[in-house]
Number of protein chains: 2
Amino acid sequence: MTAYLLTVGDEILIGQITDTNSTWMAQELNLQGIRIAGKASVSDTKEAIIRGLKDAFEQADLILVTGGLGATKDDITKKTIAEYFNTEMVWHQETYNRLEGFFTKAGRTVSEMNRNSCYMPADAVILNNDRGLAPAMWFSVSSKILVSLPGVPFEMMHLMKHKVLPKLREVAAQSEHPNLALSPIVHRTVLTAGEGETMLAERLSDFEDQLPENVKLAYLPAISQVRLRLTATGDSEPKLNTQIEALKDKLVAIVGRSVFGYETEVLSSNIGKQLIEKDMTIGLAESCSGGYLSHLFTLEAGSSKYFKGAVVAYDNELKVKLLKVKIRTLKKYGAVSEETAIEMALGAKKLLNTSLALSITGIAGPTGGSPEKPVGLVWLAITDGVNTKTHKFTMDRGRAKTIEYAANIGLNLIRRFL
Amino acid sequence: MTAYLLTVGDEILIGQITDTNSTWMAQELNLQGIRIAGKASVSDTKEAIIRGLKDAFEQADLILVTGGLGATKDDITKKTIAEYFNTEMVWHQETYNRLEGFFTKAGRTVSEMNRNSCYMPADAVILNNDRGLAPAMWFSVSSKILVSLPGVPFEMMHLMKHKVLPKLREVAAQSEHPNLALSPIVHRTVLTAGEGETMLAERLSDFEDQLPENVKLAYLPAISQVRLRLTATGDSEPKLNTQIEALKDKLVAIVGRSVFGYETEVLSSNIGKQLIEKDMTIGLAESCSGGYLSHLFTLEAGSSKYFKGAVVAYDNELKVKLLKVKIRTLKKYGAVSEETAIEMALGAKKLLNTSLALSITGIAGPTGGSPEKPVGLVWLAITDGVNTKTHKFTMDRGRAKTIEYAANIGLNLIRRFL
């Protein structure tokens, strides 16, 4: 099955919002084995929408349209699609009931405009929206399918996951049209940190060469991490699961200690789980990363169980006063040095009264570098009070990237220390 | 003039990257008075690219193509465009010289593959890329223009700003084709913080009604901020500048103290400038915001001049030990209260030895709320040691949003205090 993604709305064409819906949809559809033939954004005019629909139908079997389903006058996707399919609009009591329930709960009455939004194309199967007002509409046209979805990301995602994708698998299983077929497909994602794509690819070269024809390995890089995704296609899902589990174990054995988790796990929450298991806490001393690693930890709900806090010692005065870095150390080795990183970590452990402490000190740039200590040089140290490990890297791809990278290297250092 | 944006590359269609190029391009083109007729993403195949080009030429006067200009085999945009225009490929010495210079500097020799990338379509005007290897190509076809650009965002942006947009204005001024005309257009952006779009719109209602026909006002909302953009079109740029300056002053007088800056300024750097002017420093005590506001400050180059550091006191133990919040206060009012926020700010000021200190304490969720103190409740306090101001808000749109919002409210609180 091939799909085409069509977004409707001037807010995308004037650059007011970035279309992240289609990125998410493409990922989800790919996971089902559906290839994206193309995607387009059109403006909120009848002509543009109709042209977009024609182009889409020429290029794919499944057309997913997002946006333009609000109750206001400028949202014309629904009536334009109805016109395109030459189907009349009929009253949809269930949509009205849901809408009335929503307004009653909010202590408001249903306006004429909202009432009018409860007419739906007669040929459409209505998929209720459990996260908002506008439902999705499913049209079957001979061997093709069109689904119109609201453009609000969390409404669209909820509808896709709970209504559209299940129905798609159902239709694919029942349909006799070969272009609507969906082959069984299974995925396993192995999460790694600390090694680049090239290094991993070299170590996995033989493994890749020996993969059966129905299995593919994809490298999905993120900041200081690489996700390795195995995808197997075939006729029987149970067989595929057995096959891919064995291959995944083999892959994990080769990659070894760079593996930190599976599927959608996040490194900071993986560390959190380990800390909870070991009944340990962590604290940070951040200089160049300026609070960003604290932010990564505290983004996780429940992180207060293991993350006690941090000192953002941006000024050297605070490194001395709070973290007890020796003035002599700063003078002799500088604020960006292994010696300072170690004293910062030890000082943070004591001050924050944690089991572990990590420090980060570096030159985020764009100024402040020197030939011996260039912009992008970062020192990290981790300690449990007895053992202390350090790590150094240099990466100058702009201030924001250096900060992001330093924090992620810090996470991996904690993982390895545990 | 109308434009169509075409991106080439499977990495967009499989959802590996989000197309942010077209958002940026749309904004830039809109600022020049160029309307975007539509945009599409196509895969790296000859058929898909040619279909995309045809569709684009049918819908607009200016076609901007990004991506697919690398030296590897799967990058086929250049040769496909050449084929589309039926023009031969010729050796381009200047591109080779630049490439050789780049490789020599990196201590490498030019590979056969890279050498081959120096052939360019004979009909194209080559726009040198000062940020990368692949130049942009400019094609004029009767009354239409096509520009092919590399997909790497910072290369594309640099080429657009320094080569494509200036050339476009030049061509527009000289061309006799009405569809290539560009009317003089000027913009002024007024940055506001602390007031919602609806409140501003109410206060600006009369101002908007009285705007001359050639001037438009746009509301561009961001987190706890609204940018107000005035756009004037006409025949004479100097006249438009005079007109819009007067209107901008009038708008600023109405909006008053919510205005914090102009054009592309950022609130944290605006605060930084003020602190430097007043020879003041700032420190933070972050609880629920978990280091995010420190991150916003330290993202700005040069922030070490005024930002000394922060205590991320996630655990109450640290609120007491480091920030000297009284145990009695925590017991009586709780960690999320005006009283605790005040003690945190005063404690941070003393500990970090700064002119000002701001504290943030709240319930980021999703758990930890109660009927009296719901998830999303946040208390902030700012102090200079003599005067202390507090602020409270509740916003439950998920953990990440609450953190982001709290930090931005914090910035505005600092601005107002200054």
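Naming convention: chains lettered A, B, ... in sequence-line order (proteins, then strands); numbering from 1 in each chain.
Listed here is the closest heavy atom pair of B:Ser294 and A:Gly291: CB-CA, 4.3 Å. Across every non-hydrogen atom of B:Gly15 and A:Ala26, the tightest pair is N-CB, 3.7 Å. A:Gly365 approaches B:Ala301 most closely through the heavy-atom pair O-CB, 4.2 Å.
The part of A:Ala37 that comes within reach of chain B is its backbone (N, CA, C, O), which places non-hydrogen atoms under 4.5 angstrom from that chain. Looking at A:Ala310, both its backbone and its side chain come within 4.5 Å of chain B, counting heavy atoms on both sides. Within the 4.5 angstrom heavy-atom criterion, only backbone atoms of B:Ala313 (N, CA, C, O) approach chain A. Only the side chain of A:Glu317 comes within contact range of chain B, with at least one heavy atom under 4.5 Å from a heavy atom of that chain.
The interface of residues 27-35 of chain A with chain B, defined by heavy-atom distances below 4.5 Å, comprises A:Gln27, A:Asn30.
Looking at A:Thr298, its side chain does come within 3.5 Å of a backbone N or O of B:Gly290 through a donor-acceptor pair.
The candidate with the highest count of non-hydrogen atom pairs below 4.5 Å against chain B, out of A:Leu351, A:Val42, A:Thr281, A:Leu284, is A:Leu351. When each of A:Lys321, A:Glu286, A:His295, A:Glu300 is checked for heavy-atom pairs under 4.5 Å with chain B, A:His295 comes out on top. In terms of heavy-atom pairs under 4.5 Å with chain B, the best-connected choice from A:Ala40, A:Ser41, A:Gly309 is A:Ser41.
Using cut-offs of 30° and 60° on the angle between ring planes, the pair A:Phe307 and B:Tyr314 is perpendicular.
Taking CD1 from A:Ile17 and OG1 from B:Thr23, the interatomic distance works out to 8.5 Å, rounded to the nearest 0.5 Å. Atom-to-atom distance recorded for A:Asp55:CG and B:Gln59:CD is 6.5 Å, nearest 0.5 angstrom. Separation of atoms CG (B:Leu220) and CD1 (A:Ile14) is listed at 7.5 Å; rounding is to 0.5 Å. The OG atom of B:Ser22 sits 7.5 Å away from the CG atom of A:Asp19 when rounded to the nearest 0.5 Å. Distance CG/B:Leu299 to CD/A:Glu404: 9.5 Å, rounded to 0.5 Å. Of the inter-residue distances, the one linking B:Thr2 atom OG1 with A:Leu13 atom CG reads 11.5 Å to the nearest 0.5 angstrom.
Partner of A:Leu352 under the side chain to side chain contact (heavy atoms under 4.5 Å, CB included) criterion, out of B:Leu322, B:Val311, B:Asp315: B:Leu322 alone.
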